[in-house]
Amino acid sequence: MNPKPVISFDNTEFAFDYKSDKQLKKAHFLFSSMGKPWLVSFGLKVTPWAIKWNFPFTKTVIRNTIFQQFVGGETLEQTAIVADKLEEYHVNVILDYGVEGGDDGEQGFDHSTDEFIKVINYAATQANIPFMSVKVTGFSRFTLLEKLDAMMHQNPGTLMKKYLKAVDDLPAEEREEWHRVRLRMLKICETAATKNVGVLVDAEETWIQDPVDALTILMMDTFNKEKVVVYNTIQHYRHDRLQFLKDSYEAAAERNFILGAKLVRGAYMEKERKRAAEMNYPSPIQPDKESSDRDYNAGVEFCIEHLDRIALIVASHNEYSNLLAAELLQKKGLPLKHPHVHWSQLYGMSDNITFNLAHAGCSVSKYLPFGPIKDVIPYLMRRAQENSSVAGQTGRELGLIKKEMERRNKK
Ligand SMILES: Cc1cc2nc3c(=O)[nH]c(=O)nc-3n(C[C@H](O)[C@H](O)[C@H](O)COP(=O)(O)OP(=O)(O)OC[C@H]3O[C@@H](n4cnc5c(N)ncnc54)[C@H](O)[C@@H]3O)c2cc1C
């Protein structure tokens with residue numbers, strides 16, 4: 001289908017009204033720099049090393065450039081400035097405490113859990129923070145997830161059967177360790193349910209995703225009976241995920257819970273393809289961009305067809321996919337501000353989509369990470385990589401920024 005646009009993303013005045021001329025110039029400089037592949041590639045190699053060894057001025061440079069563009073602050077309190085600004089434009093916030101990676105030990109995982117709970121308690125006091133996000137690698141050992149995932153692959157049956165058998169087969173010590181992970185997740189979701197804050201469980205690498213999916217479905221089964229609290233993330237750059245979305249819906253119908261579905265294309269494509277090639281297994285990634293787009297849009301259509309049981313978050317910078325959701329709602333005679341439909345873009349990207357959606361009355365948010373610089377480095381590296389092609393996202397961002405700068409100059 002070829003939807004007629006009901007909303008336009010061309011209005012750069014709405015898109016950048018929240019940015020001063022100086023901030024706009026800074027964004028222009030940053031995206032121009034990220035359009036130089038040699039610079040990004042140099043930065044990606046050097047930055048983790050410079051952070052690790054406390055190289056002078058590294059943090060200052062990061063703080064004043066890429067961090068400012070994509071991150072809400074180093075502490076929860078600092079995010080308030082950005083959140084308040086966004087609220088002026090009816091844009092909501094998804095708070096993301098930027099810890100990931102899973103090698104901090106049990107104490108570190110308990111600490112992250114406490115931080116997640118703090119985020120929920122804080123979000124509950126704010127008018128425009130309906131959601132927060134978590135990464136299971138923030139409170140679980142990565143290698144334990146990897147082991148469980150591999151064991152699940154050996155087992156027959158449904159995702160849940162594979163999961164239960166794999167947990168059963170873990171050595172006693174690791175079974176207890178996993179039990180602690182479950183308790184952390186339970187505590188997070190319980191607090192969120194009480195405080196009416198949605199929990200979005202991010203998707204990460206395929207080789208840890210099966211236990212994350214199983215755990216998330218169990219949480220949805222517990223907390224999503226009356227209202228939607230927990231959302232899983234579905235990466236449509238994987239060729240098996242449209243079917244997974246449909247299977248998750250079937251499970252929700254059978255168990256009588258609401259499926260929270262945050263649809264993304266996926267952020268780890270290069271890493272996934274590289275690992276598959278190195279370890280000689282078929283790549284889980286779609287053969288081309290068109291296939292990712294086709295499945296993503298089919299996912300949006302599927303969710304909007306089943307809004308009685310699915311709460312959808314269109315998490316994308318793709319204009320067609322965002323418009324498609326609005327168009328389908330209108331076609332069905334449903335309001336753009338439907339309680340089960342939400343749009344979201346990353347802070348620092350695609351402001352033309354976010355602010356024009358908000359202007360049209362849609363429920364839309366910026367995904368706003370925060371945390372100490374060293375913890376948000378992996379997130380920033382993904383943003384730099386994603387924005388490193390002038391032919392892709394950087395070209396789009398630069399074009400919009402230039403258009404707005406020209407518009408302001410003509411005034
Ligand atoms: C609010 C929000 C939350 C997010 N949370 C997550 C998350 O939890 N986990 C996660 O992995 N990502 C997450 N992302 C990132 C997302 O997955 C994408 O990387 C990013 O948004 C770019 O995709 P897009 O839908 O914006 O569209 P586009 O810019 O149109 O598409 C780019 C994407 O298409 C896919 N693609 C590109 N080339 C090819 C190719 N040759 N073959 C196959 N596929 C290709 C890749 O996924 C690429 O990132 C999130 C994004 C947003 C906005």
Side-chain angles (χ1 to χ4, degrees), residues 9 70 72 86 91-98 100 129-138 198-209 212-213 216 230-242 260-274 276 283-300 312-325 342-354 357 363-369 378-397:
F9 295 140
F70 296 114
L86 294 174
V91 172
N92 291 323
V93 167
I94 298 172
L95 271 182
D96 170 45
Y97 172 59
E100 56 188 272
I129 313 187
F131 306 107
M132 54 86 69
S133 74
V134 296
K135 281 192 171 51
V136 175
T137 54
V199 174
L200 316 186
V201 183
D202 281 357
E204 302 177 68
E205 293 86 347
T206 46
W207 53 98
I208 60 162
Q209 194 58 39
V212 171
D213 286 333
T216 308
V230 184
Y231 291 76
N232 201 9
T233 299
I234 304 180
Q235 297 162 312
H236 289 269
Y237 69 177
R238 287 180 59 173
H239 53 65
D240 61 348
R241 290 293 98 168
L242 184 57
K262 171 184 142 212
L263 306 193
V264 301
R265 281 182 172 73
Y268 306 88
M269 186 172 73
E270 309 293 342
K271 200 173 170 184
E272 291 283 354
R273 284 188 169 149
K274 187 163 173 265
S283 170
I285 305 299
Q286 304 267 19
D288 47 41
K289 171 83 162 63
E290 290 68 35
S291 309
S292 298
D293 291 347
R294 181 202 58 222
D295 277 12
Y296 189 95
N297 294 331
V300 169
L312 162 69
I313 300 183
V314 182
S316 172
H317 304 127
N318 184 294
E319 294 189 4
Y320 182 93
S321 300
N322 279 289
L323 275 181
L324 178 66
H342 192 85
W343 286 261
S344 183
Q345 290 75 44
L346 305 180
Y347 180 65
M349 286 170 73
S350 297
D351 287 340
N352 63 318
I353 297 181
T354 313
L357 282 173
S363 166
V364 58
S365 63
K366 282 294 194 194
Y367 182 99
L368 186 68
Y379 178 85
L380 290 177
M381 307 269 259
R382 285 201 295 282
R383 296 297 74 80
Q385 245 162 355
E386 192 171 25
N387 286 292
S388 66
S389 135
V390 177
Q393 186 68 29
T394 285
R396 275 188 257 173
E397 299 292 348

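Whatever order the structure lists them in is the order used to number ligands and atoms, beginning at 1.
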Exercise for review: May I ask you to check whether Tyr367 has an N/O atom sitting below 3.5 Å from an N/O atom of ligand 1?
Suggested key: no

Review point. Under 4.5 Å between any side-chain heavy atoms of Val199 and Met132, yes or no?
Key: yes

Check your understanding: Can His236 be said to touch ligand 1, with heavy atoms closer than 4.0 Å?
Key -> no

Point to revise | Closest to atom 34 (O) of ligand 1 (judged by heavy-atom distance), picking from His317, Met269, Arg265, Arg383 | key: Arg265

Review point. Which of the numbered atoms in ligand 1 are below 4.0 angstrom from a heavy atom of Tyr268?
Key: 11 (O)

**Study point:** Close-contact set for ligand 1 against Tyr237 heavy atoms, below 4.0 Å
**Key:** 47 (O)

Practice item. For atom NZ of Lys289, decide whether the heavy atoms of other residues, nucleotides or ligands shown that lie under 6.0 angstrom number more than 12. Key: yes

Point to revise | Any side-chain donor near an acceptor of the partner, Ser365 and His342, under 3.5 Å | key: yes

Point to revise | Sub-3.5 Å N/O-N/O distance, Leu346 and ligand 1 | key: no

Exercise for review: Could you list the atoms of ligand 1 found under 4.0 angstrom from a heavy atom of Lys262?
Suggested key: 3 (C), 4 (C), 5 (N), 6 (C), 7 (C), 8 (O)

Exercise for review: Work out whether the distance between some heavy atom of Glu270 and some atom of ligand 1 is less than 4.0 Å.
Suggested key: no

Practice item. Enter the distance from Asn318:CG to Asn297:CG here, rounded to the nearest 0.5 Å. Key: 6.5 Å

Practice item. For the residue pair Pro284 and Glu272, establish whether any side-chain heavy-atom pair is separated by less than 4.5 Å. Key: yes

Point to revise | Separation of Leu95 CG from Phe131 CZ (nearest 0.5 Å) | key: 12.0 Å

Review point. Any N or O on Asn318 sitting closer than 3.5 Å to an N or O of ligand 1?
Key: yes

Revision key, fill the gap. shortest atom 15 (C) of ligand 1-to-protein heavy-atom contact is with Ala267 CB, 4.1 Å

**Study point:** ligand 1 contact on Arg238 by region, counting heavy-atom pairs under 4.0 Å
**Key:** neither

Study note, to complete from the structure: Closest non-hydrogen contact found for Glu204 with Val136 is OE2-N, 3.7 Å

Practice item. Answer whether the closest heavy-atom distance between the side chains of Asn322 and Ser316 falls below 4.5 Å. Key: yes

Point to revise | Thr354/Asp351 under side chain to side chain donor-acceptor pair (under 3.5 Å): CA gap, chis, key distance, verdict | key: CA-CA 5 Å; Thr354 313; Asp351 287 340; 4.8 Å; no

Check your understanding: Quick one: nearest non-hydrogen protein atom to atom 14 (N) of ligand 1, plus distance?
Key -> Val264 CG1, 3.9 Å

Exercise for review: Could you check atom 1 (C) of ligand 1 against the protein and tell me its nearest heavy-atom contact, residue, atom and distance included?
Suggested key: Ser344 OG, 3.3 Å

Practice item. Kindly give the heavy-atom pair with the smallest separation between Tyr268 and Ala203, and that separation in Å. Key: CE1-O, 3.6 Å

Review point. Counting both backbone and side chain atoms, is some N or O of Ile285 under 3.5 Å from an N or O of ligand 1?
Key: no

Check your understanding: Contact between His239 and ligand 1, counting heavy atoms under 4.0 Å?
Key -> no

Review point. Would Gln345 and Val364 count as a side-chain contact (heavy atoms from CB on, under 4.5 Å) if you check the C-alpha gap in whole Å, the side-chain angles of each, and the deciding distance to 0.1 Å?
Key: CA-CA 8 Å; Gln345 290 75 44; Val364 58; 3.6 Å; yes

Practice item. For atom 7 (C) of ligand 1, grab the closest protein heavy atom and report residue, atom and distance to one decimal in Å. Key: Ala203 O, 3.7 Å

Exercise for review: Indicate, as side chain, backbone, both or neither, the part of Ser292 found under 4.0 angstrom from ligand 1 when only non-hydrogen atoms are considered.
Suggested key: side chain

**Study point:** Residue portion contacting ligand 1 (non-hydrogen atoms closer than 4.0 Å) for Gln235
**Key:** side chain

Check your understanding: Of the non-hydrogen atoms in Pro287 and Arg273, which two are nearest, and what is the gap between them?
Key -> O-NH2, 3.8 Å

Practice item. Take Arg383 and Met349 through the side-chain contact (heavy atoms from CB on, under 4.5 Å) test and state the conclusion after the steps. Key: CA-CA 9 Å; Arg383 296 297 74 80; Met349 286 170 73; 4.0 Å; yes

Study note, to complete from the structure: heavy-atom search around atom 35 (C) of ligand 1 in the protein gives Lys289 CD, 4.1 Å

Review point. Counting each atom of ligand 1 from 1 as listed, which ones have a heavy atom of Arg396 under 4.0 Å away?
Key: 29 (O)

Review point. Should you measure from each heavy atom of Arg273, which atoms of ligand 1 turn up under 4.0 Å away?
Key: 40 (C), 41 (N), 42 (N), 43 (C)

Practice item. Identify, by atom number and element, the atoms of ligand 1 in contact range of Glu386, meaning under 4.0 Å from any of its heavy atoms. Key: 18 (C), 19 (O), 20 (C), 21 (O), 22 (C)

Exercise for review: Hey, could you give me the OG1/CD1 distance between Thr216 and Ile234, rounded to the nearest 0.5 Å?
Suggested key: 10.0 Å

Check your understanding: Less than 4.0 Å between a side-chain N and a carboxylate O, is that true for Asp295 and Arg238?
Key -> no

Review point. For ligand 1, which atoms, with element, lie under 4.0 Å from some heavy atom of Gln286?
Key: 42 (N), 43 (C)

Review point. Of all the atoms in ligand 1, which lie at a distance below 4.0 Å from a heavy atom belonging to Asp202?
Key: 8 (O)

Point to revise | Closest approach of any protein heavy atom to atom 19 (O) of ligand 1, naming residue and atom | key: Gly266 O, 3.1 Å

